[in-house]
Amino acid sequence: MEKQDLIVTYGTDAAAMTRQVLDKADLASMISDGNAKIGIKPNLVVAKPHNSGATTSPVMVEAVLRYLREHGFKQLLILEGSWVGDSTKKAFSVSGIEEAAEKYGVPLLDTKDDAYCRVQAGPMEMEISKTALDLDFIINMPVLKGHCQTKITGALKNLKGCMSDREKRHFHLLGLHRPIAYLNTVLKSGFILMDGLCGDLDFEEGGNPVPMNRIIGGVDPVLVDSYVAEAMGYSPEEIEYIKIAHELGVGSCDIIPANRIVLHHDHVLVRPLYSRKVQLLSQAIVEKEACSACYANLIQALARLQDKHLLVHFKQQPIFIGQGFKGKTGDGVGCGACTQGFRCSVPGCPPAATTILHVLLQEIGRKSAFPF
């Protein structure tokens, strides 16, 4: 797998999708050494189940363990350190990852209990889990979701769970962005397997989950996080730690030349979304047989419009989306290839949230004579 590759697949069978991505990436060849010490790092910031939009799918974790065992890798470890004040052990249990680990005889490490090493990362000294530093290969399994301070959280930020609680507090005092970027210069992901099945709209602890039905694989954490930013309606440059990590040479935030390898396109129809915030955003949508990925990207774009206090422009004239509008025409705004007959239609199948946002801002500018 090349550094500029992004593997993306859509669907609802998380185990099969995970296996497809791992096979396509040829993860076993990437690790190569059968005696390598391999760490699987999920996102268990709090003790909540996966459907909250906060934590990594246990089905994905189990699929990774099965793949590694089948390829003869024996030295496996799942490691995590939940947020300050939260119990990692409870998170392992509540998330279902403890059960998956027991099934394959894989130990769990709460990094809060580990010894730490002081490591120099550029101008910063950081207190990092000794076990994490001793690993030969890290499989980074973040969740595609929002964050109250950094807008998004993904592969780069997920490694923060390998530090002491004292260091986590210090990161927040420093403003998060710069220390996150520098952390990734000394603690490096071997492979990123991003859980984009169901992530929270804008909060790392869940509560407003958006089913997105996708899994992303890659080896460049900056590129993967740039994809995450795009999926949530931001340009990579808007997320400061992505920009800094790019400047430090951790990876590339240039998403345009990335080689996007789509294994399976999305054909799963959207299901009802029950969180209050998502329901409010959906009031600006007329949906008819929409695919989940397209709908999720539209929800993310509308959330960015709400951030700008511009969502009101589409409350009276909502956006059309879904296969039910194929071959239809109209004077309104459509989202996705199925609505290409409308006066204004966002191209793509599915269109990126950034593309949707750009078209919607242009439409607002057209109506108000104040271009954005």
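As the structure is a prediction and not an experimental result, all values here were calculated from the model. Only heavy atoms go into these numbers, but all of them, side chains included; no hydrogens, no water, no symmetry mates.
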* Heavy-atom side-chain proximity of V228 to I239 below 4.5 angstrom -> no
* Asked: Under the 3.5 angstrom rule, does the side chain of H246 hit a backbone N or O of C253 as a donor-acceptor pair?
  -> yes
* Let me know which of D266, V270, N297 forms a side-chain contact (heavy atoms from CB on, under 4.5 Å) with C291. => D266
* About how many Å separate CZ of F137 and CE of M30, when rounded to the nearest 0.5 Å? -> 6.0 Å
* To do: Ignoring hydrogens and angles, tell me if any N or O in the side chain of D225 forms a donor-acceptor pair with the backbone of L156 under 3.5 Å.
  => yes
* Check whether any side-chain N or O of N208 sits under 3.5 Å from a backbone N or O of D202 as a donor-acceptor pair, and report yes or no. => no
* **Residues S252 and D220: side-chain donor-acceptor under 3.5 angstrom** => no
* To do: Flag the pair Q323 / L269 as yes when at least one side-chain heavy-atom distance between them is below 4.5 Å, and no otherwise.
  => yes
* Any side-chain heavy-atom pair of Y67 and D23 under 4.5 Å -> yes
* Can any side-chain N or O of T339 pair as donor or acceptor with the backbone N or O of F342 at less than 3.5 Å? -> no
* **Any donor-acceptor pair under 3.5 Å from K145 side chain to A54 backbone** => yes
* E204 vs W83 side-chain heavy atoms within contact, under 4.5 Å -> no
* side chain to side chain donor-acceptor pair (under 3.5 Å) with N35: which residues, sequence neighbours excluded? -> none
